[in-house]
Amino acid sequence: MGPMDSAELLKARELLRNGDVVAIPTETVYGLAASIDSNSGLKKIFALKERPYFDPLIVHVGSIKDAQLVTKDWPPVADFLARWFWPGPLTLVLPKADHIDPIITSGLDTVAVRFPSHPLALEIIRLADSPLAAPSANKFGRTSPSKASHVRAEFPDVLVIDGGECEVGLESTVIDFQIAKEKSIVRILRPGGVTKEMLSEALTRWSGPTEVVAAESSASPGHVKHHYMPPIPLAIVDDDFDAGTVKKIAKDLALPLFQKVSELSLPTDAVQAARLIYSEMRRLAEQGADLLVVRKTKEREGGLWTAIWDRLSRAASWDSDNGNRLGD
Ligand code: TXA
Ligand code: MG
């Protein structure tokens, strides 16, 4: 790391220790971070993001021990998954420790905790000498940032620590637990980098009976139906879409006929697709497109595609099954 970088890290340390916010790289997306012990820093996150207080934040820790300190209960199955997947893109929702500021948890009894793998994220947590609460570093409801430049464009006054392009490119998988003797349920509240298949596979090595299920989307307060929205409309179309489809989209959305339609074409490899969807959405909009389309294709299902389609369908204003998605 060059001298420039260490000066920036020292600045980040000072800001975080003084109740301010810093944008930090993680392996999933960039986060807008504040110390969990600073109520003013936490309030700043919500103000900058224009995020409603009903949407709780994820606490980022640098060790399993710190995760245990922010939670009240640390069930063995959670411990098993933490040791299997951490550091990495998995967030555990567990009963919160009493000292956790309710602004972080939106007044819930639970807290979401994650141990990220990006070395700079871990270095900044260490320098701050405190776990960091951090949502994705974008305005509420908008596309998440996978590059430092995305964050700078949206938050020109925030210090952004540049850790390069995010390796995963999609937010972490959020899970909670329903523990029972007969069978414990691991519920996926938000699909992400750690897939359902990966969780099930890991749990075959766990001694207790478990099942991994996808939750109703209402189970996660912030995982709302319309989210990750790019600056221009996104439509999910069938393979045979044509000029007629484009006309129909404009009509359904009550918009004038589109002038420049750009296709968001996804690589066949899911890991690569996840890595680039957010930056492609931004890039195509910046190049003057007024409609983005993405084709639904049958072979792109399961595994990491579940998370990719989750984000695309929440980002979409229109899809070929339902037409206008904004009305309801
Ligand atoms: O990959 C990530 O998770 C990124 C990076 C920065 O770590 N962070 C992120 O944070 O995506 P955010 O705030 O954009 O999304 C947090 C999600 C929301 O859907 C929120 O509802 C859910 O986690 N969440 C947080 N606390 C929760 C809780 N106690 N119960 C249920 N869901 C919770
Ligand atoms: Mg977000």
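Numbering of ligands and ligand atoms starts at 1, following listing order. Index from 1, following the sequence. Source: prediction; values computed, not measured.
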Touching ligand 1 at all, Lys96? Heavy atoms, strictly under 4.0 Å?
no
Pair Thr28-Ser172, side-chain donor/acceptor within less than 3.5 Å:
no
What residue and atom, counting heavy atoms only, is the protein's closest point to atom 15 (O) of ligand 1, and at what distance?
Arg190 NH1, 3.0 Å
Apply salt bridge (charged side-chain N to carboxylate O under 4.0 Å, His left out) to Glu286 and list each qualifying residue two or more places apart in sequence or on a separate chain.
none
Among all residues two or more places apart in sequence or in another chain, which pass the ring pair (Phe, Tyr, Trp, His ring centres under 6.0 Å) test with Phe85?
none
Ranked by distance from atom 16 (C) of ligand 1, the top protein heavy atom is Ile58 CD1, 3.6 Å
State the OH-CG distance between Tyr278 and Leu170, to the nearest 0.5 angstrom.
5.5 Å
Nearest-neighbour protein heavy atom for atom 33 (C) of ligand 1, which is reported as residue plus atom name and distance:
Pro56 CG, 3.8 Å
Under 3.5 Å: N/O of Thr28 near N/O of ligand 1
yes
Ignoring angles and geometry beyond distance, decide whether Arg51 reaches within less than 3.5 Å of ligand 1 through its nitrogen or oxygen atoms.
yes
Just to be sure I understand the site: which N, O or S atoms from the protein are less than 2.8 Å away from the Mg ion (ligand 2)?
Ser136 OG
Residue set satisfying ring pair (Phe, Tyr, Trp, His ring centres under 6.0 Å) with Trp84, at least two apart, ordered chain then number -> Phe80
In the protein, what heavy atom is nearest to atom 22 (C) of ligand 1, and what distance, to one decimal place, separates them?
Ser220 OG, 3.5 Å
Report yes if the side chains of Trp309 and Pro191 come closer than 4.5 Å at any heavy-atom pair, otherwise no.
no
